[in-house]
Structures are given as structure tokens and as C-alpha cells.
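Both backbone and side-chain heavy atoms feed into the values below; hydrogens, waters and symmetry mates do not. Computed from a predicted structure; not experimentally measured.
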Amino acid sequence: QVQLVESGGGLVQAGGSLRLSCAASGSIFRYLAMAWYRQAPGQQREWVADITPAGSTNYADSVRRRFTISRDGARNMVYLQMNNLNAEDTAVYYCSSGAEWGQGTQVTVSS
């Protein structure tokens, strides 16, 4: 149905910001709720945020007020703006439609 590719990860200092992108191919994108997940070393996958086709959003308590999920239907893109990053945010970040997953992008926050 869709193919997902994440990008935008990297190494940042604590207190810094990154913007992750998820590019989706497929005309069904505009009908799908999308989500960001992350997996830190030695931990289980954690839900981070999601967004409905209409733009309603939800956030995990650990990222609320720091992260913002958004989407651009015309470009088939989903974004995750991450501010005030700390070491606890270090993880591989994935976007998902539920049925499909991207390859992940590494975010490393240095103290």
C-alpha cells in the first residue's frame, strides 16, 4: 500500500533540535493514520506520537511539549520536530502506517 523512508537523524548536543522526515509513496497515504516509534538500546519499541488523516495528534508523556508530529498530504510526508533533546531520546526512530514500517533513522544525543 505504502513505502516509507525515514531521514533526518544524526548526532546532536543535549538541548538541541532535530527534524525527522518520513517520505511515503502511495496514493492511499492521505487516508492513513501515521505514527512515530523509537527503540533505544536494550529497550522495547516505544510509541512516540501519531497523527490522523485530519491532523489530530497524540503524544507519549515522555515527549509531550517537546516533540511535534505533522503531515503534508500534498508531499506525502510525515515529520517529527524534536526540541530540547536529552540523552533519553537516543534511539532509532521509525515511522509506521500500522501495516508498513520504514528502515529507521538513528538519533544520538550527547550530554
Side-chain angles (χ1 to χ4, degrees):
Q1 296 275 3
V2 294
Q3 181 176 336
L4 306 174
V5 179
E6 301 96 334
S7 63
L11 175 64
V12 298
Q13 294 292 318
S17 299
L18 280 176
R19 190 190 195 197
L20 305 184
S21 299
C22 176
S25 62
S27 60
I28 198 174
F29 172 78
R30 62 179 176 144
Y31 301 111
L32 301 175
M34 299 293 296
W36 285 96
Y37 291 81
R38 66 186 182 185
Q39 187 167 19
Q43 299 187 25
Q44 296 299 116
R45 183 183 65 188
E46 175 190 20
W47 169 76
V48 174
D50 58 42
I51 185 167
T52 70
S56 297
T57 60
N58 295 286
Y59 298 93
D61 289 342
S62 59
V63 307
R64 188 173 293 113
R65 294 179 292 278
R66 298 189 300 120
F67 291 11
T68 302
I69 186 172
S70 61
R71 67 192 299 158
D72 185 336
R75 294 184 176 183
N76 277 17
M77 298 288 291
V78 183
Y79 303 100
L80 186 68
Q81 178 66 48
M82 306 184 295
N83 299 325
N84 300 315
L85 288 162
N86 58 65
E88 299 297 317
D89 298 314
T90 294
V92 177
Y93 284 72
Y94 302 89
C95 64
S96 177
S97 65
E100 285 81 30
W101 294 78
Q103 84 288 351
T105 185
Q106 176 71 51
V107 172
T108 303
V109 184
S110 174
S111 299

*Gap separating the CD atom of Q81 from the OG atom of S70, nearest 0.5 angstrom*: 8.5 Å
*With R38 as reference, evaluate E46, E6, E88 under the salt bridge (Lys or Arg N to Asp or Glu O under 4.0 Å) test and give the passing residue.*
E46
*Test: R64 cationic atom under 6.0 Å from Y59 six-membered ring centre, within 45° of axis*: no
_Quick check: closest heavy atoms across G26 and N76, and the distance to 0.1 Å?_
O-ND2, 3.3 Å
*Same hydrophobic cluster for Y31 and V2, using side-chain heavy-atom links shorter than 4.5 Å among ILVMFWY?*
yes
*Please report the shortest heavy-atom distance between G73 and F29, naming the atom on each side.*
CA-CE2, 4.2 Å
*asked:* Would you compute the distance between atom CE of M77 and atom OG of S7 and round it to the nearest 0.5 angstrom?
replied: 6.0 Å
*Minimal non-hydrogen separation, S17 against N83, with atom names*: OG-OD1, 2.9 Å
*Just wondering, do M82 and D89 contact through their side chains at under 4.5 Å, heavy atoms?*
no
*asked:* Applying the side-chain contact (heavy atoms from CB on, under 4.5 Å) criterion to I69, which one of V63, V48, I51 satisfies it?
replied: I51
_Using every non-hydrogen atom in the two residues, find where S111 and A87 come nearest and quote the distance to one decimal._
OG-CB, 3.8 Å
*Distance-minimising heavy-atom pair for S110 and L11*: CB-CD1, 4.2 Å
*asked:* Taking L32 as the starting point, is it possible to reach L80 by hopping between hydrophobic residues whose side chains are less than 4.5 Å apart?
replied: yes
*Cluster overlap L4 with V78, hydrophobic side-chain contacts below 4.5 Å*: yes
*Taking the six-membered ring for Trp and the full ring for Phe, Tyr or His, determine whether the centres of W36 and F67 are under 6.0 Å apart.*
no
